[in-house]
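This report concerns only the one structure given below.
Protein chains get the first letters and strands the later ones, always in sequence-line order, with residue 1 at the start of each.
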Amino acid sequence: MRISTTMMMRNFSQTLDNKLGDIDKYSNQVSSSRKFERASEDPVSAMQTIEACHEYAENQQYVSSDNSAASWLQATETTTNQINDILKSAQEKATEALNGTNNDGDRQNLAKAMESYRDEIVQTLNSSFSGRYIFGKDTEGKPPFKLGTADEDGAANDGKLMYYNYNATDASGNPAPKYVSIDSLSQSDLESMRLSMPVDLNMGLQINGGKIKQSSIFEASTSGLDVIVSGYDSTSGKATNIVDQLTDAVKNLNTNNMSGLSSILSNVESAQNTVLKTNVEIGEKEKMLSFLSSKLTDDETNINSRLADSLEVDSTQAIMQYNISQIVYKESLSISSTVLQQSLIDFLK
Amino acid sequence: MPSTFGILESARSGLNASQIGLNITSQNISNANTEGYTRQMLDTSAMAPDSGANRYLQSSLRVGQGVKINGVYQVRNDFLDVRYRYQNSDYNMWNGEKEQLQPIEDYFTEISDTTTSTNKLTGLSGQLDDIITSLQNYQTSPDNPNLSADVLNKLDMLTESIRQDASELSTTMSRETSELGIIVNGGAGDTSNGNYAGGINGMIKSLQGLNQQIASYEISGQTANDLRDQRNLLLDKLSNDVDIDTTELSNGMVTVKLRGDDKYLIDSKNNTDALSIGTDAASNAKVIQWSDGSTAKVQGGLVKAYLNVINGDGSGVDDITTGQCGNLGIPYLEKKLNDFAIGLYDVFNNLNDVNIPSSELASGTKFLTYDSDGAGVSDPTEGGAAKAAADPMYVASSIRISDSWSKDTELFVNSYLGSDKGSYYTSYANSLKTTAQTVPMETDGSKMYSGSLSNFADTFTQDIASAISIVSEKADWSKTNVDNINQQRQSISSVSTNDEGINIIKYQQAYNANARVITTIDQMLDKLINSTGTVGL
């Protein structure tokens, strides 16, 4: 092939362009530590990267949900433990009250103590955590529990524990939440009043007709009614609770009705059992969360390594390539300056 | 017998040829770097002996009468020119398409800032991830009004991104169309008088003029080398823009036609036809038209690249007569973006229908809305085909959170009065990311995307990246071909300083030798004329 000066010039400039392009490419790789700048340079890796990023985002969502669910459960546990502590003190006083040697003054003091335990229990039931009642909803709304008063709730509900039914509706089906007395509720009423705090923790969330399938989520909320309702009346089937029982005990102590007081010790004990049962449930849930949390951490590591595979350049290799491209470029430069230096014209005399 | 002074005449022709040779060498060297210059050479032949009466003398020795100069010719291979122009059109088509799609890719890309430390996507899909994260945060504190504002903000950003993408696509479309106009018609200039200031039509006018000049120059039997160089250069440039076929006629003119068409840009009578941009009545695609209004079948070059981007509907069907392009182009992305907007509209509005009591908001007040959402039209896909014909991005270009929803950032949380807010948000998050959610592609009823909305958003990056990757591979491949052919052309036609150096030596030596011959003859004649018969003097 005939080689002309212009051809060589053109070839050299093209070669230098290519070498410079290599340097640009490798220096970009080294500085950004990415294999490619545009998705079109490597569509398959780009899609793997996007996929991994989605999974990472999802994983982070689950991690954060797991953490907040765990702290919520901790707050719930603290509340139930507090109730348990109050019940323990109440148990001591109840034992004392059953002692036949008490005089009127002793009984009045005991009645005062019982009354303050009762009020403490109601207060504790209304504890809140991060802007929400533990056993209810938003702290700006009505608290979930209150002690009924004769003025507001009628004489029948005086001193009775009342629960705010968030799920109540009016005749036309619109939401109409209101307080109801717990001793008027049957077991099925209690079920319908449950609140839910569904947490999606990658358990295969399913939604049917706008409703979340309960088995496909993690239920973070604990029903306050489960904590406080210690049994059902054997004849009426209505719920009994320790607050009402303490109110009765106070009345009985004040009127020295020892026969009416006889069941108080067993009542406090069954209330304690109920609280302990809830505590066990909460403990089980916490165990599950910590198991999920360690699984999510493992997943995160896997996702990160996949992301590194698809997106990241091997830095040793990139730096080597960069150095090699520098050397090659320098060589090309030195060759082009020497080869094209002279032609036959230079030797004509 | 040859004449006494015949040798002098023969030497003179040698001197003359060497001088002209040097002249050509000088022309070659001075044009060594002129674009499109073809090296020239001297065509000589030996002059036959005297054809006079001595022809039949057997005893007489006959010697030629010197050198004859036939002309100056160009060293050029016409077949390589044709092959070069074919490949060059292909290369410019693929490369043009790549260069025009790349800005669009940059606009839709998800991974522009992604590193292994941020793990974050930045496009539509990344913003959907953000919204899902915000919704998931609700699960454990559904009553927090700040989170509600957060979801609204994120959603507001996503709808804004969709609107921006839509306006970017429209801008790109109009920019592409006006650029195509410049390529065809050139820049400013009164095209009505055929006064083109450049572009394809301008080049054709220039070629017509060159044809004319070359034909009249060559009538005398000489070759118009430098005019031919100009014409070849212009034809090479024309092959950047459209795929042309050229044929040289015996009178030195060339005809130019489109490779896939019967009509001529310049016919054998040197008449020209001008191209213009029009719209095909059947396919509604932009097409290049002849002056009689029929479609010019352009299949290569930058013009085809522009047509592909302007018309590409992603259908996979190419029809050269109606101008339909089946590749990925702006119309495809417009339709896709609109489908994405409709998907988002459906997800958010359908869930609101279920959960928000009508007493809270005026009847029919949607969470998301768009401009042509007339009263009573609850489904954006109702009459979708007609709406899409008027504006392919009728939802995407104006999708936003409706006024009554966006006024109060707490509305999102306060309007919801069902039993369980946590479930409400979880449902949203779930709708956006589960595969059960289908995105209707109503503007094309035959297609249905069965992945999640989030995956659908990914396909923007995916589609554009694969399209660019394919055209860029084709561009690389045809670039190699163009370079190879050009290399061969250069090998034949370009000026080499070494060659010209040798020519200088060659012609100088020849000149010297001829001069020497003249001196010798001179001395011989001197001897003959002045010294003959002077013996002993």
Side-chain angles (χ1 to χ4, degrees), chain A residues 1-7 10-11 14 32-34 38-41 43 46-47 49-54 56-58 60-61 64-65 68-69 72 130-132 137-140 166-167 174-175 195-200 205 207 210-212 217 220 304 307-308 311-312 343-345 347-348, chain B residues 32-33 102 105-106 109-111 114-116 119-121 125-126 129 132-133 136-137 139-144 351 354-355 357 359 417-420 422-423 426-427 429-430 433-434 454 458 461-462 464-466 468-469 472 483 487 490-492 494-502 504-505:
Chain A
M1 195 188 222
R2 179 176 173 270
I3 307 289
S4 71
T5 333
T6 11
M7 265 169 79
R10 193 186 289 252
N11 282 349
Q14 258 175 16
S32 70
S33 79
R34 279 172 50 152
R38 288 195 158 98
S40 54
E41 290 166 35
M47 281 324 286
T49 305
I50 291 178
E51 200 58 42
C53 283
H54 279 312
Y56 181 82
E58 208 172 21
Q60 292 301 299
Q61 287 156 17
S64 120
S65 299
S68 8
W72 180 261
S130 73
R132 191 181 186 190
K137 287 192 168 178
D138 183 8
T139 45
E140 279 164 30
Y166 295 94
N167 298 353
N174 284 333
L195 291 178
S196 175
M197 194 196 283
V199 181
D200 178 17
L205 181 68
I207 294 180
K211 294 247 186 250
I212 294 178
I217 47 102
N304 274 334
L307 195 63
L311 178 69
E312 240 180 23
S343 73
L344 184 60
I345 306 290
F347 296 96
L348 293 182
Chain B
N33 294 322
Q102 255 168 2
E105 175 181 31
D106 289 347
T109 186
E110 294 284 346
I111 53 165
T114 311
T115 62
T116 41
N119 299 349
K120 200 145 167 21
L121 302 175
S125 190
D129 273 353
I132 294 171
T133 305
Q136 295 253 332
N137 283 341
Q139 293 181 347
T140 43
S141 39
D143 300 302
N144 189 340
L351 277 166
V354 175
N355 290 305
S359 56
L417 295 170
S419 65
D420 196 347
S423 316
T426 310
S427 302
N430 194 51
K433 67 179 187 180
T434 56
S454 177
D458 293 342
T461 310
Q462 193 179 5
I464 301 173
S466 352
I468 293 181
S469 156
S472 113
D483 284 349
Q487 180 91 350
Q490 295 290 325
S491 163
I492 292 170
S494 72
V495 179
S496 157
T497 22
N498 289 343
D499 278 2
E500 302 311 327
I502 290 169
I504 292 175
I505 301 170

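Atom CE of A:M47 is separated from atom CD of B:Q462 by 4.0 Å, given to the nearest 0.5 angstrom. To the nearest 0.5 angstrom, A:N11 atom CG is 9.0 Å from B:D483 atom CG. Note that CG of B:L121 and OH of A:Y56 are 12.0 Å apart. Values are rounded to the nearest 0.5 Å. Between the CD atom in B:Q487 and the CD1 atom in A:I3 there is a gap of 6.5 Å [rounded to 0.5 Å].
Although no hydrogens or angles enter the test, the distance criterion places a donor-acceptor pair under 3.5 Å between the side chain of B:S491 and the main chain of A:R2.
Residues A:I345 and B:I504 approach most closely at CD1-CD1, 4.2 Å, considering heavy atoms. Nearest heavy-atom pair across A:S40 and B:S469 is O-CB, 3.4 Å. Taking all atoms of both residues into account, the shortest heavy-atom contact from A:C53 to B:D129 is O-OD2, 4.4 Å.
For B:I505, the part sitting under 4.5 Å from any heavy atom of chain A is the side chain, from C-beta outward, and nothing else. Contacts of A:T6 with chain B are made by both backbone and side-chain atoms, with heavy-atom separations under 4.5 Å. Neither the backbone nor the side chain of A:Q60 comes within contact range of chain B; no heavy atom of the residue lies under 4.5 Å from a heavy atom of that chain. Only the side chain of A:Q14 comes within contact range of chain B, with at least one heavy atom under 4.5 Å from a heavy atom of that chain. Looking at B:S472, there are no atoms closer than 4.5 Å to chain A (heavy atoms on both sides), in backbone or side chain. Of the two parts of B:D499, only the side chain, counted from C-beta on, holds a non-hydrogen atom closer than 4.5 Å to a non-hydrogen atom of chain A.
In terms of non-hydrogen atom pairs under 4.5 Å with chain A, the most contact-rich of B:D458, B:I502, B:T109, B:I468 is B:D458. Counting heavy-atom pairs closer than 4.5 Å to chain B, the top residue among A:L311, A:D200, A:T49 is A:D200. Among the candidates A:A308, A:A39, A:S32, the residue making the largest number of heavy-atom pairs closer than 4.5 Å to chain B is A:A39.
Looking at heavy atoms from C-beta onward, B:Q136 lies out of side-chain contact with A:S64 at the 4.5 angstrom threshold. Proximity of B:I111 to A:R34: side-chain heavy atoms (C-beta onward) are separated by under 4.5 Å at one or more points.
Evaluation of the salt bridge (Lys or Arg N to Asp or Glu O under 4.0 Å) rule for A:E312 yields no partner, not counting sequence neighbours. In this structure, the salt bridge (Lys or Arg N to Asp or Glu O under 4.0 Å) partners of A:R38, at least two apart in sequence or on a different chain, are B:E105, B:D106.
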